[in-house]
Amino acid sequence: QLQLVESGGGSVQAGGSLRLSCVASDTINDVCMGWFRQPPGKEREGVASIIADGRANYADSVKGRFTISEDNAKITVFLAMDSLKPEDTAMYYCAAGSPAACYSGSWSSAYWDHYWGQGTQVTVSS
C-alpha cells in the first residue's frame, strides 16, 4: 500500500512562491504522480502530473507558473509554485495514478482512484 505525505503549504501574499513536497513510502518509477487541488466550495481539479521519463502535464491555469519535478531517488515529488494568485488558494493533494494518466494528460478519476495524500493547505492573500 503506497502512502503519500505532503508538506510545504502555508500562507503567502500574491506574487509569492511556495514549494510543496510529496514523500512516497516506496519508489514511484511505474506510476504517474500528480498534484490536485480543491479550492473552498469547489470541486477538486488536476494541477500537474509527471512520470519517470520526465513527461509532465499542467493545467492551463498554472502553466508557466508551476513546475512539477521528482528527485533522482524517485521517492519525492515537488511542486514549485511561483507568481501565486489568490485563486490558487486551495487544499493541495498528492496522488499516484495509472501511467496512462500521464501519457494522456488526463485528470479523470478513472486513472487516479488509488493513492492519495492527506493534503496541505495553500492560502494566497491579495
Side-chain angles (χ1 to χ4, degrees):
Q1 185 84 1
L2 184 67
Q3 295 181 334
L4 304 172
V5 179
E6 304 98 332
S7 63
S11 297
V12 296
Q13 290 191 327
S17 299
L18 283 173
R19 188 191 196 206
L20 305 184
S21 298
C22 170
V23 179
S25 59
D26 200 351
T27 55
I28 49 178
N29 279 317
D30 300 324
V31 297
C32 179
M33 295 300 297
W35 286 96
F36 289 73
R37 67 186 182 186
Q38 187 165 16
K42 296 184 179 181
E43 293 188 353
R44 189 170 60 196
E45 60 185 15
V47 176
S49 65
I50 191 168
I51 199 163
D53 65 4
R55 181 191 305 255
N57 303 287
Y58 296 93
D60 288 343
S61 59
V62 306
K63 283 180 180 176
R65 300 189 299 121
F66 291 11
T67 304
I68 190 170
S69 61
E70 294 178 319
D71 69 335
N72 289 335
K74 302 302 181 187
I75 294 288
T76 306
V77 179
F78 304 99
L79 185 68
M81 305 185 295
D82 297 315
S83 302
L84 283 162
K85 304 175 181 180
E87 51 264 44
D88 294 318
T89 294
M91 183 70 78
Y92 282 72
Y93 297 93
C94 176
S98 164
C102 275
Y103 294 125
S104 64
S106 174
W107 309 114
S108 170
S109 59
Y111 295 119
W112 297 98
D113 62 349
H114 290 299
Y115 304 108
W116 291 85
Q118 294 300 306
T120 185
Q121 178 67 38
V122 171
T123 302
V124 184
S125 58
S126 58

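A quick note: this is a predicted structure, and the numbers were derived from the prediction, not measured. Reckoned from all heavy atoms, side chains included, excluding hydrogens, waters and symmetry mates.
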Asker: My understanding is that only one of Tyr92, Tyr93, Trp107 makes a ring-ring contact (aromatic ring centres under 6.0 Å, His included) with Phe36; could you say which?
Answerer: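 One option only clears the test, and that one is Trp107.
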Asker: Taking Ile68's backbone N and O only, do any of them form a donor-acceptor pair with Tyr58's side chain (distance below 3.5 Å, no angle check)?
Answerer: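 Yes.
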Asker: Flag yes if Val47 and Tyr115 sit in one hydrophobic cluster, no otherwise; membership is Ile, Leu, Val, Met, Phe, Trp, Tyr, and two members link when side-chain heavy atoms are under 4.5 Å apart.
Answerer: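 Per the 4.5 Å side-chain linkage, Val47 and Tyr115 are co-clustered.
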Asker: Side chains of Val31 and Met33, heavy atoms from C-beta outward: is any pair under 4.5 Å?
Answerer: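 SC-SC contact between Val31 and Met33 confirmed.
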Asker: Is any side-chain heavy atom of Asp71 less than 4.5 Å from a side-chain heavy atom of Phe78?
Answerer: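 Yes. Closest side-chain heavy atoms under 4.5 Å.
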Asker: Both conditions, 6.0 Å and 45 degrees, for the charged tip of Arg44 above the ring of Trp112: are they met here?
Answerer: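 Ring-cation test returns no.
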Asker: For the side chain of Asn57 and the backbone of Cys102, is there at least one donor-acceptor N/O pair under 3.5 Å apart?
Answerer: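 It does hold such a pair.
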Asker: Same cluster or not: are Leu2 and Val77 linked, directly or through other Ile, Leu, Val, Met, Phe, Trp or Tyr residues, by side-chain heavy atoms under 4.5 angstrom apart?
Answerer: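 Leu2 clusters together with Val77.
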Asker: As an exercise, state the distance from OG1 of Thr27 to CD of Glu70, rounded to the nearest 0.5 Å.
Answerer: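 Answer for the OG1-CD pair, Thr27 versus Glu70, is 10.5 Å.
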Asker: For residues Phe66 and Ile50: do they belong to one hydrophobic cluster (side chain heavy atoms under 4.5 Å, members Ile, Leu, Val, Met, Phe, Trp, Tyr)?
Answerer: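 Yes: a chain of side-chain contacts under 4.5 Å links Phe66 to Ile50.
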Asker: Could you give the distance from SG (Cys94) to CH2 (Trp35), rounded to the nearest 0.5 Å?
Answerer: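 Going from the SG atom of Cys94 to the CH2 atom of Trp35 covers 5.0 Å.
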Asker: Take a 6.0 Å sphere around CD of Gln38 and say whether it holds more than 12 heavy atoms from other residues, nucleotides or ligands.
Answerer: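 Yes, because the 6.0 Å sphere around CD of Gln38 holds more than 12 heavy atoms from other groups.
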Asker: Quick check for you: to the nearest 0.5 Å, what is the distance between Arg37 atom CZ and Glu45 atom CD?
Answerer: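 Answer rounded to 0.5 Å: 4.5 Å.
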Asker: Side-chain atoms of residues 10-25: list all donor-acceptor pairs with protein atoms under 3.5 Å, sequence neighbours left out, distances to 0.1 Å.
Answerer:
from  : atom 1 : to    : atom 2 : distance (Å)
Ser17 : OG     : Asp82 : OD1    : 2.8
Ser25 : OG     : Gln3  : N      : 2.8

Asker: Is there a path of hydrophobic side-chain contacts, each under 4.5 Å between heavy atoms, that joins Leu84 and Leu79?
Answerer: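 Result: yes, single cluster for both.
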Asker: Treating Thr89 as the side-chain partner and Val124 as the backbone partner, does any N or O pair qualify as donor plus acceptor under 3.5 Å?
Answerer: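 Looks like yes, one N/O pair under 3.5 Å.
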Asker: Salt-bridged, Lys63 to Asp60, with N to O below 4.0 Å?
Answerer: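 Yes, Lys63 and Asp60 are salt-bridged.
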Asker: Can you tell me how far CD1 of Ile51 sits from CG of Asp30, rounded to the nearest 0.5 angstrom?
Answerer: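 Those atoms lie 8.0 Å apart.
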Asker: Quick one: OH on Tyr103 to OG on Ser98, what's the gap to the nearest 0.5 Å?
Answerer: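 Tyr103 OH to Ser98 OG: 9.5 Å, rounded to 0.5 Å.
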Asker: Look up atom CD in Glu87 and atom OG in Ser126, then write down how far apart they are to the nearest 0.5 Å.
Answerer: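 Between Glu87 CD and Ser126 OG, I get 10.0 Å after rounding to 0.5 Å.
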Asker: Evaluate the side-chain proximity of Met81 to Val122: yes if any heavy-atom separation is below 4.5 Å, no if none is.
Answerer: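 Side-chain contact under 4.5 Å: yes.
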